[in-house]
Trainee: 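One structure, pasted below without further comment.
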Amino acid sequence: MSKLQRKSLILLGLSFLFLGAMMWPSAQWTRQNVATLTKRHDSKMSPVIFIPGSSATQNRFDELVTKLNKKRGNKHSLLKLTVDTNNHISYSGEIKPRDNEPFIVVGFENNKDGYSNIKKQAKWFSIAFTALAKKYQFNNFKVVGHSNGGLIYTAFLENYFNRDDITVKKLMTIGSPYNFEETSLAHKSQMLTDFIANRKKIPSNLSMYSIAGTENFENDGIVPARSVEAGKYIYQGQVKHYTEITVTGDQAQHSDLPQNQQIINLLEQYILSKTTNRMNQPPKAGANSDDEQEH
């Protein structure tokens, strides 16, 4: 064999080694990606993610969780996250093994009111959601937002949620002021105007339940009933199902709503999975569905 042939063979061998070195990371990434997609596809977990309102912490739903677990045989474990202003996430609690419907609460260090803060909180929720999806590999989830929590989630859907591998199945907002303090639907806040403009980004396969609490059929002591009703301009006709529910009576005041027994019953009825020892369902409280009644 001539020197030229040996040199050619050496160069050819080096070329194959170089190509192999280049292709190996790609092949590894492909295998890992396929494994991740398979794990997500096969996952049975369907967490319920709670978002508190302004001035509330990750502990906002403790009483609600206690009441639900007492009724449902301690079925749901509880994980709490707090996202600080530097995008760092703090965790407390845990998701127990084989819990397919855990409760997860996402709070924020900056939990102040106002549209500018709501937009920031939506971004922070996106950071927390990405971390949760990566760690727990669920393929669907449900959301419950109290007060501004419903606004934060609406902003998240319209600006940050763009995934084909994860489905949001159900959303329940409780006393969420979609038009802030406005008492007339003829006057739309900038936030409501923005939500309406971007409503087409909301997944169309979502079932949405908007609950209003009223002490006097006008407001819940803080949020006007008309402001809660304004959510129909965002969700009705865009999502699969849109239902408005009005809760009155004891604990219908804004800050009491997460502990309201009627709302706990509605969570069981509309959001949570069915259980074999489940109590009889209460009658629907003032429910108006877009399948049944036009607004």
Side-chain angles (χ1 to χ4, degrees), residues 47-65 78-95 102-136 141-163 168 171-182 188-195 197-198 201-202 210-211 213 220-224 227-228 230-231 234 253-259:
V48 183
I49 304 177
F50 294 80
I51 309 177
S54 60
S55 301
T57 69
Q58 72 276 12
N59 300 318
R60 182 65 180 89
F61 298 98
D62 284 0
E63 186 174 345
L64 178 151
V65 170
L78 177 61
L79 176 67
K80 301 177 185 179
L81 285 69
T82 300
V83 189
D84 67 22
T85 54
N86 293 321
N87 303 334
H88 177 263
I89 304 173
S90 301
Y91 297 82
S92 62
E94 64 175 351
I95 295 179
F103 293 156
I104 302 173
V105 181
V106 178
F108 311 97
E109 180 186 29
N110 171 5
N111 56 11
K112 295 180 180 178
D113 198 3
Y115 186 28
S116 61
N117 281 315
I118 287 168
K119 289 188 282 188
K120 293 176 184 177
Q121 290 152 3
K123 181 179 179 181
W124 290 322
F125 179 78
S126 175
I127 292 170
F129 180 83
T130 300
L132 288 168
K134 181 178 181 180
K135 183 172 183 179
Y136 295 105
F141 66 106
K142 290 92 70 172
V143 180
V144 177
H146 175 237
S147 192
N148 280 7
L151 311 181
I152 293 166
Y153 189 69
T154 302
F156 164 76
L157 282 181
E158 292 189 349
N159 296 285
Y160 298 102
F161 186 69
N162 184 24
R163 300 188 63 143
V168 51
L171 166 63
M172 178 176 285
T173 61
I174 305 168
S176 292
Y178 291 99
N179 204 19
F180 279 139
E181 72 280 359
E182 293 287 347
K188 294 181 173 62
S189 66
Q190 184 61 55
M191 180 184 68
L192 178 58
T193 300
D194 291 345
F195 282 163
N198 294 309
K201 296 179 182 178
I202 296 173
S210 177
I211 301 178
D220 60 12
I222 296 178
V223 174
S227 184
V228 178
I234 305 164
Q253 198 273 341
H254 186 74
S255 60
D256 291 333
L257 288 172
Q259 297 84 246

Trainee: So, do N111 and N148 sit near enough that their side-chain heavy atoms are less than 4.5 Å apart?
Mentor: no

Trainee: Say whether, by atom type as modelled, one donor and one acceptor occur between the side chain of H88 and the main chain of T82 under 3.5 angstrom.
Mentor: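 A pair under 3.5 Å: no.
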
Trainee: Answer yes or no: is there a side-chain heavy-atom contact under 4.5 Å between W124 and T85?
Mentor: yes

Trainee: Would you mind telling me which of V105, V48, I51, I211 makes a side-chain contact (heavy atoms from CB on, under 4.5 Å) with V144?
Mentor: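 Passing option: V48.
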
Trainee: Does NZ or CZ of K135 fall inside the cone over Y91's six-membered ring, less than 6.0 Å from its centre and within 45° of the axis?
Mentor: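 Cation-pi check for K135 and Y91: passes.
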
Trainee: Can you check side-chain hydrogen bond (donor to acceptor under 3.5 Å, both in side chains) on Y178 and T173, steps first, answer last?
Mentor: CA-CA 10 Å; Y178 291 99; T173 61; 3.0 Å; yes

Trainee: Holding to ring-ring contact (aromatic ring centres under 6.0 Å, His included), I want the full list of residues that pass it with F156, two or more places apart in sequence or in another chain.
Mentor: F125, F129, Y153, F161

Trainee: Answer yes or no: is there a side-chain heavy-atom contact under 4.5 Å between S147 and P177?
Mentor: yes

Trainee: What I'd like to find out is whether the side chain of K80 reaches to under 4.5 Å of the side chain of D62, using heavy atoms alone.
Mentor: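 They are in contact (side-chain heavy atoms under 4.5 Å apart), so the answer is yes.
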
Trainee: What pairs with K142 under salt bridge (charged side-chain N to carboxylate O under 4.0 Å, His left out), at least two apart in sequence or on another chain?
Mentor: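 E101.
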
Trainee: I'd like to know if the side chain of S227 and the backbone of F180 have a donor-acceptor N/O pair within less than 3.5 Å.
Mentor: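 Judged by distance alone, yes, a pair lies under 3.5 Å.
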
Trainee: Just say parallel, tilted or perpendicular for the rings of F61 and F50, cut-offs at 30° and 60°.
Mentor: tilted

